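Just so it is clear, the structure is predicted and the values come from calculations on it, not from any experiment.
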Amino acid sequence: MKQIEQSAIDVLGHSIRESIYYFERTYEMWVNRGELSEEDLNWAKEDLEMNLAELYYRILAYLELKGLPQLTETFKNKFYPIIQEKQNLFKEVSMFPSEDLKLLIIREFEAFLSPFQILDYNKSEVKKLTEILKDSDYILKNCNTQITNEASIYKEVKWVLSLYYPDIRRRNRASFIQQFKTYHPDILIPSLYTAIEYKLIKDRSDNIDVFIDQIRIDAQNYQGDIHYQHFISVIYIMDASVATPRSIEICWESKKFPHNWDLVIVNGSPSRPLTSTTELR
């Protein structure tokens, strides 16, 4: 019986995560609705209200299955009147200046769910993402890209990733804010709770140890945004003779990166030389 209950809890947890993702995408489409008729707008609004109600009842069922009567009662007292009366359902909030507006009720739902880690990134999907990132050079070659800096790499890769992950964003959409600086990863994939950072090593004049130190500093500062829990650093090497992948991995391991940081090493094609365009970053 306990195994059946745990299976039901796991399925429900996955359903809640997917429902939040689906609702946020649908809501974003509604906000950017353009020229829709009043009838279509009313229909879309009713559909969003219904989706929120379904999400509420799924979370309620999840808390009940977890056997948490006090938390379940707190959740019901807080959200049942809002769902029933449909008041302030679409109130938006942003904790940080650089962050997109987000529905307050969704943020509060996530706060209730945070102790259970059901909003964690999907590891199997992240593995697929990693395989695509390993093909960064193949993507650049087929896009006939002239490499000038890191942005010239991740812009092309981002375009390909958008075919797989429609919610993908590029820079300035996360909230890693420290005392004196805001940090922006190169690519963000909210549905996978994953942020991606590219580093370009041009030739032997670039010190790999220094580059990995820079990534380690990023790792210390990419904290505080609950929407991104997994980070991938892609090191793109123009000249494969600069270092072997294993030597880079050894250097990476020596820096004691957090467990939620992964490394991807990409050797660039020697047939496509780096242009002399001035760095933009």
Side-chain angles (χ1 to χ4, degrees), residues 98 121 125-165 167-174 176 181-190 192-223 225 228-240 242-243 245 247-249 251-252 255 257-258 260-270 272-281:
S98 63
Y121 60 91
E125 279 296 324
V126 169
K127 186 176 180 181
K128 293 179 187 177
L129 168 63
T130 301
E131 292 303 313
I132 298 173
L133 295 175
K134 288 178 180 177
D135 286 332
S136 292
D137 186 65
Y138 178 81
I139 293 170
L140 297 174
K141 197 158 44 177
N142 281 272
C143 292
N144 198 28
T145 302
Q146 290 294 317
I147 301 173
T148 59
N149 53 27
E150 288 152 1
S152 64
I153 300 173
Y154 64 69
K155 283 181 180 178
E156 296 288 7
V157 175
K158 181 257 180 184
W159 181 85
V160 173
L161 289 175
S162 68
L163 301 176
Y164 298 88
Y165 311 104
D167 66 321
I168 194 169
R169 298 167 178 177
R170 185 168 60 81
R171 300 176 64 82
N172 300 327
R173 295 295 187 92
F176 303 109
K181 184 178 179 180
T182 299
Y183 292 81
H184 299 295
D186 296 324
I187 298 175
L188 300 165
I189 306 181
L192 297 186
Y193 301 88
T194 297
I196 302 164
E197 183 74 13
Y198 270 82
K199 289 293 181 187
L200 170 63
I201 296 177
K202 304 173 189 175
D203 50 43
R204 291 184 179 275
S205 65
D206 290 325
N207 187 316
I208 292 178
D209 193 76
V210 171
F211 270 78
I212 295 181
D213 277 338
Q214 292 172 355
I215 301 169
R216 187 66 182 86
I217 292 171
D218 288 341
Q220 291 173 336
N221 290 287
Y222 286 172
Q223 299 180 31
D225 190 329
Y228 299 98
Q229 306 167 14
H230 178 240
F231 302 87
I232 301 175
S233 176
V234 184
I235 297 180
Y236 187 97
I237 306 174
M238 288 298 303
D239 183 354
V242 170
S247 67
I248 296 174
E249 289 169 358
C251 182
W252 175 276
K255 305 295 181 181
F257 275 79
N260 59 339
W261 274 78
D262 290 330
L263 172 66
V264 170
I265 301 169
V266 179
N267 284 328
S269 299
R272 201 177 60 261
L274 178 73
T275 68
S276 59
T277 304
T278 304
E279 289 278 351
L280 300 179
R281 290 187 65 194

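Between Lys202 and Asp206, the shortest heavy-atom contact is N-OD2, 2.7 Å. In this structure, Val126 and Thr194 approach most closely via the heavy-atom pair CG2-OG1, 3.7 Å. Considering every non-hydrogen atom in both Ile168 and Leu161, the closest pair reads CD1-CB, 3.5 Å. Shown here for Asn142 and Tyr138, the closest heavy-atom pair between the two residues is ND2-O, 2.8 Å.
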For side chain to side chain contact (heavy atoms under 4.5 Å, CB included), just list the numbers for Asp262 and Phe231, CA-CA rounded to whole Å, side-chain angles, deciding distance to a tenth of an Å, and then say yes or no.
CA-CA 6 Å; Asp262 290 330; Phe231 302 87; over 6 Å; no
Output, in order, the C-alpha distance, side-chain angles, deciding distance and verdict of side chain to side chain contact (heavy atoms under 4.5 Å, CB included) for Gln214 and Val210.
CA-CA 6 Å; Gln214 292 172 355; Val210 171; 3.9 Å; yes
Given side chain to side chain contact (heavy atoms under 4.5 Å, CB included), test Lys199 with Ile215 step by step and report yes or no.
CA-CA 8 Å; Lys199 289 293 181 187; Ile215 301 169; 3.7 Å; yes
Side chain to side chain contact (heavy atoms under 4.5 Å, CB included) between Ile187 and Ile232: does it pass, once the steps are laid out?
CA-CA 10 Å; Ile187 298 175; Ile232 301 175; over 6 Å; no
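Every residue meeting the side-chain hydrogen bond (donor to acceptor under 3.5 Å, both in side chains) condition with Asp239, not counting sequence neighbours, appears here in chain and number order: Ser241. Residues passing the ring pair (Phe, Tyr, Trp, His ring centres under 6.0 Å) test with Phe257 are Trp252, sequence neighbours excluded. Qualifying side chain to side chain contact (heavy atoms under 4.5 Å, CB included) partners for Val266, counting only residues two or more places apart in sequence or in other chains: Ser136, Asp137, Val234, Tyr236, Val264. Qualifying side-chain hydrogen bond (donor to acceptor under 3.5 Å, both in side chains) partners for Glu249, counting only residues two or more places apart in sequence or in other chains: Arg246. Here Asp209 pairs with Lys255 under the side-chain hydrogen bond (donor to acceptor under 3.5 Å, both in side chains) rule; sequence neighbours left out. Qualifying side-chain hydrogen bond (donor to acceptor under 3.5 Å, both in side chains) partners for Thr130, counting only residues two or more places apart in sequence or in other chains: none.
Using cut-offs of 30° and 60° on the angle between ring planes, the pair Trp261 and Tyr222 is parallel.
Using a 4.5 Å cut-off on side-chain heavy atoms (C-beta onward), Leu133 and Leu129 make contact. Side chains of Ile196 and Tyr154 form no contact here, defined as non-hydrogen atoms less than 4.5 Å apart. Annotation: side chain of Met238 is in contact with side chain of Ile147 (closest heavy-atom distance under 4.5 Å).
Under 3.5 Å, the side chains of Glu197 and Ser233 contain no donor-acceptor pair of N or O atoms.
The existence of a salt bridge linking Glu131 and Lys128 is excluded, since no basic side-chain nitrogen approaches an acidic carboxylate oxygen closer than 4.0 Å.
Taking CD1 of Ile139 as the reference point, atom CD1 of Ile132 lies at 7.0 Å (rounded to 0.5 Å). Here CD1 of Ile153 is found 6.0 Å from CG of Leu140. Values are rounded to the nearest 0.5 Å. In this structure, NZ on Lys134 lies 9.5 Å from CD1 on Ile265, to the nearest 0.5 angstrom.
Remark: the backbone N or O of Leu200 is paired with a side-chain donor or acceptor of Glu150 at under 3.5 angstrom. Checked by atom type and distance alone, the side chain of Asn149 pairs as donor or acceptor with a backbone atom of Ser152 at under 3.5 Å. Judged purely by atom type and a 3.5 angstrom limit, Ser162 has no side-chain atom pairing as donor or acceptor with the backbone of Val160. Between the side chain of Asn267 and the backbone N or O of Ile237 there is no donor-acceptor pair closer than 3.5 Å. Here the side chain of Ser247 pairs no donor or acceptor atom with the backbone of Ala243 at under 3.5 angstrom.
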